[in-house]
Amino acid sequence: MPVVDPAAADGVFSLLWLVIALPALGAAVLLLGGRRTDAWGHLLGVATVAGSFVLSLVAFVGLLGRGADDRAFTQHLYTWIEAGGFRVEASLLYDPLSALFLLLITGVGALIHLYSVGYMAHDPRRRRFFAYLNLFVAAMLVLVLADDYVVLFLGWEGVGLASYLLIGFWQHKPSAAVAAKKAFVVNRVGDLGMALGIMLMFATFGSTAFAEVSRVATEATDGVLTALGLLLLLAACGKSAQVPLQSWLLDAMEGPTPVSALIHAATMVTAGVYLVVRSNFIYENAPVAQTAVVVVGAVTLLWGAVIGCAKDDIKKALAGSTMSQIGYMMLAAGLGVAGYAFAIFHLLTHGFFKANMFLGAGSVMHGMDDDVDMRHYGALQKAMPVTFLTFAMGYLAIIGFPGFSGFWSKDKIIEAGFEDNLVAGLAALLGAGITAFYMTRLMLMTFFGEKRWEKGVHPHESPKVMTVPLIVLAALSVLGGVMLLGDWIVGFLAPVVGEAEHHTPAVPPIVMTLVVVAVVAVGVATAWLLVGRREVPRTAPQRVSVFTRAARADLYGDAINEALFMRPGDRFVGDLVTFDNAGVDGAVNGTAAAFGGMSGRMRRWQNGFVRSYALSVLVGALVVLVAMLAVNLA
Amino acid sequence: MAVPLVGSVVVALLPARLGGALTKQVAFGVSLLTLGIAAAVGAGYDVGGGFQYTEEHEWIAAFGAHYALGVDGIGLTLVLLTAILTPVVILASWDDGDAGRWGVNAFFAWMLALEGLAIGVFAATDVFLFYVLFEATLIPIYFLIGGFGGARRSYAAVKFLLYSLLGGLLMLASVIGLYVVSADSETGPTYLLSELSRMEMDQNVGRWLFLGFFIAFAIKAPMFPVHTWLPDAASEGTPGTSVLLVSILDKIGTFGMIRFCLGLFPEASQWATPVVVALAVVSVLYGALVAVGQDSIPRLIAYTSVSHFGFIVLGIFVMNTQGQTGSTLYMFNHGLSTAALFLVTGFLIRRRRSQLISDMGGVEKVAPVLAGVFLVAGLASLSLPGLSPFISEFLVLVGTFVYSWWVAVIATLGIVLAALYILVMYQRTMTGVPVPAVVGMKDLTRREISALAPLLVLIVALGFFPQPLTAIINPAVEDTLQQVGVSDPAPDVPVTAGPGEEEESH
C-alpha cells in the first residue's frame, strides 16, 4: 500500500498556490467591488479560472516528464492551527490524483464559466453569480490540493457554502431558498462524520496530515480503522448525495443550470469519491468499511436510476442519473485497489458527459423559456441542431455505447464488481440497463416525436458562447476513453492508490462486454417501446403503478426524513421551548418568589428602631470577632 | 497598564455632561484611544508567556488585598476583545441612546465605564480586586439594560441583577473563605493570585470554595440551567448593550473559571469535571434546540450563545491543551461573531420595528448589503471553516474527543443544529418575496457599515491566520494546565513511533 511521501515543490510546482489564489482573488474582487465591477465582472470570472487551467496544464505536463515514483510534491504555505500537539499546516499536495482533479475542475470549470456568460446574460446579478462560481472553484481546489484532513475540511465546507449560495441564487423563489438550506443542513450531517473522523485521527495518530497518517495507519487497531472508514463514508455520503443522505441533490436543481453542471454533476458531488480514494490507506486496512462503501454505492446506483426513470423535469432526471453514476464510482472505490483507478476514470468521463448534458439541458431550457417539463418538449432536434448533436454524444457516452468514453469506464467497473462479488456485479449490470432506459426516454421526449410546445414558445439555437463549450465537452465525452489506452490511468494513479496484481478473470472480458452491451440494448429497446412509439401525453398520467409513484416521490426519501426526524424534531423543540419558559425559568422564578417571601419577613427586622439596628450590628460584630479568634487560635 | 484605561473612563464621565454630538465623539475618541493602548500592549507583549505589565500596590492590608494588575495570554486576549468591541458598539449605537430614560450622556458614559471595569476584571491578579470589579460591572450594565431598551426592560434588568447578585453572594462567601484559609497559612492573609495558587488547601475546603466561584461564573456565563436571564436581557436591551453583555461581560464567567476555578482549586476542578462536562454538553444541545424554536431574533441569538458558552466551558474542563486553547480563542471569536450578529440584526429590527422573524421576509432583495453581512455573521456563528469561530470550536471538539469520544460525539451534534438555527433564520428573514412591511427598507448606511466592517475583517483574517492569538494563548494555557497538574495524553499510535526516520518538519 502506497504511503504519501511528497518532495518539496520547486519549479512550476511552486506556483501551485496560484492555482487556488486566482479564482479566490476573482471572488474577492467581485464581491467587494460591488456594482463597479458589473460591467466586466463575468470576464474576470472566466479569466481567473482559465488562468488556473493553464497553470494546471503546465504542472501536469511537468508531472508527466518525471519518473513514476517522483510525482508527488508538497508546498508548505504556513502553519494554520497550533495548540499543543495539534498542528495543522496549510500545505498543498500535488500528486497524480490531485493533478487529474485539477484539470477536471479548472478545465470543465472554465468551459462552464464561459457558457454562463451567455446563459446568465440577462440576469441583473450576473456579477455575483460569477463571484460565487469563482469562490466554488477556489474551494474545490483547496479540497483536492489539501495535504491534511483539516485543510481538506476547509475546502469541503467551502464548496458546501458555494453550493448553498448558488442553489439559492434566485433567492426570491422560496423553493430555491428552502432547497439551499436543505442541502447545507443535510451536508452538515455528513460533516459530523468528517469532524469526528478527524478527531479520532488526531486522538489515535496525533496528526491529521495525509503523509503521517498514511505511514502509520496499519498500526492502529481494526476497530479504530473501521470507525474511521465509516465516519469518512458518512461524510462522503453527504457530499456525494449517496443513500441515506441523498435527498438534497434533486432539490438542488433549483439553482441555475450551469451550477447543476459544474457543482452538482461534474465536480463537487464527486468529492466523496475523492475522499474515499484519497483515504485508501485507511480503507485498505478496514474491510468492513470497504464493504459498507460497496453497499452504499450499489444501493445508490439503483436508487438514483429508478428515480431518473420517472421524472418529467429534465434536470431532475439528470440529477437522478448523477446520483446513480456516483453510485458506480463509490462502488468501484469500495472495491479497493482493484477499483480506485476505475472510480477516478469514471469520475472524469462522467464529469465530461454529464456536464455536457446539463449544459445541453440548459441550452434547451434557454430556447424553451425556462420550461423544464419534458412533456412540453419534443422534436427539438431540428430547432436546436448543435444542442441536439452534442447532447447525443453525451447520451451515447452515458449509456455506454461501444467506443464512447462511458463505455470504457462503466465496463471496467462492472467487470471489477463481478470479480469482487456477484451481487455488486449484478447491481452494476442492472444499473446499466436502467440507465439506458431512462436516458433513451429523456432523449426521445426531448428531441424526437411530435412538438408539444407551450403556446408562444419559439425554440432557437443558443449563442456561440454557449455552444462552443458544448462542442468541446461533447468531443471529450466521445474521446475520454483514451485515458484507458494501455491502462495509462491505472499506471498513472498507481503511486497514489496502488495497483492490483493481474490475474485471469473468471469470465473473459470480451464476454462480459457483450453481456453489458446486450443489457444496454434491452434498456434502449424498452424505452423505445414504451415512449418512442407512443404519443407522449402533455400532462403526466395520474393512474400509474405503485412503482412509478414511488419513483416520482424520490422513493419516499423526503417522506422518511420528514416522519423520522423533522416532525418529531419540531415537536421536541416546541416542547423544549415551553419547558424553558415554564419549567426552568419558572423554577428559578419560584425560588425568587420564595426569596421574596423571606425578604418580606426580613423586612420586619428593618423596623426603623435604632436599638434593634444596634443590636444587629452588635451580633454581627460578635460573629466577625469569633470568626477571627477561631482563625487565630486554630 | 490598566491605569490609563480606568482613567479614560473618568475623563469620559466629565465631558459626558456637555451633551449630544460632542458626547458621542468624545466617547468614540476615548474608546479608540483605549484600543490604541491595548493594541500597543498586545504588540509589546512577549509571547514567551507569564504575567506581564504587572503592577502591585497594597490596598487593604488587614485583608491582604492588593491593587494588583497584569495580563497573561488569556487575559490579554479578552482585554483586546473588549478594546476592539467598545468603539464598534459606540459607533453602531450612535443614535440608540437618544430615546433612553437618562439621556445620551449617561448611555455612553455607562458604556465607557463598563469597558474600563471589564478590562480591570480581565487584568486583576488579586482575588479581592477581581471580586470588587466583578460586582461593579453590574452597575453600568444594569442601567444600560434598564434605561435604554424595550418595553419590559425593567423586568429584564431586575431579573439580570438578581441572578447576578445571587452568584455574587456565593462568590463573596468563597472570597471570605479564601481569606480564612490564607490567614491560616504561613503567608498570612493575602488575596494575591500568585501566592494563593501556591497554597496548600484542605480537600473539602477547596471543593466548597470552588463551588462558590463556579456557580457564580456559571450564572454569568450563562450555563444551563441558570441561563434564563439572558434571553430577556438580550431582547430588551439595545443591540449595543446586548453585545457588551454577551460578548464581553459573559466572558468574565468563563474567564473566571480558567483563572480562579482552575487556578486556585485544581483538585476541586478535577473532582467536579464530570458534572461540569455534563452540564456543558447539555448547554450546547439545549441552547441550540431552544434556539431553533425561537421567533424573536435577539432571543434566538441569546440561546445560541448558551450553546456556544457550553462549548467554551466544555473546552475548559476537558483539561487539555486543545480544549483550553480552543476555549480561550472561542471567547474571542464568539465575541466577534455574536457582536456582528447582534448589531446587524439590531439594524434590521430598528428598520422593521419588530424583533420577530415571522414579521420579515425577502430582505435580501431590498437590502443586499445587510443580508450579506447577516449571512457572514451567521456563518461565523455556525463555525464555517475559513471563519475564525471554526478554529476555536474545532479545537474544543478535538480536546473533548481526546477526553472522551462519546462526549465529543454528542457535542458535535451541535454543529448540525447550528446550521439549522442560523440558516432557518436567514431563510425566513432574508429570502423569498419581500413582505410589504419590508419594501422600501434602506440598506446599511456608511456608519453602520464602518461599524461592522472591522468585525468581518477580523473574522475572516483570524479564520485563516489565527497565529497572532494562538501564539499568546498557548503559553498561558500551558501554565494553567501545569497549575492543575495535568498533561495531554499521548496518541495511541504516535506518528513519531512509526517505522523509519524521525518526522521531519515541513
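Note that these values count all heavy atoms, side chains included, but never hydrogens, waters or copies made by symmetry. Residue numbering restarts at 1 for every chain, and letters A, B, ... go by the order of the sequence lines.
A salt bridge between B:E364 and A:R128 is present, with a side-chain N of the basic residue lying under 4.0 Å from a carboxylate O of the acidic one.
Options B:N320, B:L329, B:L481, B:V409 differ in how many heavy-atom pairs under 4.5 Å they form with chain A, and the most are formed by B:V409. Comparing B:V292, B:L375, B:V477, B:L384 by how many heavy-atom pairs each has under 4.5 Å with chain A, the most go to B:L384. For chain A, the option among B:I473, B:V402, B:V416 with the highest count of heavy-atom pairs below 4.5 Å is B:V416. The candidate from B:V424, B:T400, B:V181, B:T431 with the greatest count of non-hydrogen atom pairs under 4.5 Å with chain A is B:T431. Between chain A and the options B:I415, B:V433, B:T470, heavy-atom pairs under 4.5 Å are most frequent for B:I415. Chosen from B:L382, B:L420, B:L417, B:V369, the residue pairing most often with chain A at heavy-atom distances under 4.5 Å is B:L382. Annotation: maximal heavy-atom pairing with chain B below 4.5 Å, among A:V142, A:V185, A:L200, occurs at A:L200. When each of A:L161, A:V577, A:L196, A:I198 is checked for heavy-atom pairs under 4.5 Å with chain B, A:L196 comes out on top.
Here the options are A:K181, A:Q171, A:K182, the test is side-chain hydrogen bond (donor to acceptor under 3.5 Å, both in side chains), and the partner is B:Q427; only A:K181 passes.
B:Q322 places a side-chain N or O within donor-acceptor distance of the main-chain N or O of A:A83, the cut-off being under 3.5 Å. Side-chain atoms of A:W80 come within 3.5 Å of backbone atoms of B:G463 as a donor-acceptor pair (strictly under, hydrogens ignored).
In this structure, the portions of B:L289 lying under 4.5 Å from any heavy atom of chain A include both its backbone and its side chain. At a 4.5 Å heavy-atom cutoff, A:R87 makes no contact with chain B through either its backbone or its side chain. In this structure, chain A has no heavy atom under 4.5 Å from any part of B:R428. Both the backbone and the side chain of B:T412 come within less than 4.5 Å of a heavy atom in chain A. For chain A, the nearby parts of B:L413 are the backbone and the side chain; heavy atoms of each come within less than 4.5 Å. For B:F464, the parts sitting under 4.5 Å from any heavy atom of chain A are the backbone and the side chain alike. Only the side chain of B:T325 comes within contact range of chain A, with at least one heavy atom under 4.5 Å from a heavy atom of that chain. The contact between A:T79 and chain B is made by backbone and side chain atoms together, counting heavy-atom distances below 4.5 Å.
A:W17 CH2: 12 or fewer foreign heavy atoms inside a 6.0 Å radius. The neighbour count for B:Q482 CD, taken as heavy atoms of other residues, nucleotides or ligands under 6.0 Å away, does not exceed 12.
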(request) Evaluate ring-ring contact (aromatic ring centres under 6.0 Å, His included) for A:Y78 paired with B:F465, printing each intermediate quantity in order. (result) CA-CA 9 Å; A:Y78 60 94; B:F465 305 97; 4.6 Å; yes
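Scanning both residues, B:P385 and A:F153, for their nearest heavy atoms gives CG-O, 4.1 Å.
Rounding to the nearest 0.5 angstrom, the gap separating the OG atom in B:S392 from the CD1 atom in A:I81 is 9.5 Å. Separation of atoms CZ (A:F86) and CG (B:L395) is listed at 6.0 Å; rounding is to 0.5 Å. Taking OG from B:S383 and CD from A:E157, the interatomic distance works out to 9.5 Å, rounded to the nearest 0.5 Å.
In this structure, A:V150 and B:F394 have side chains that are in contact, with non-hydrogen atoms separated by less than 4.5 Å.
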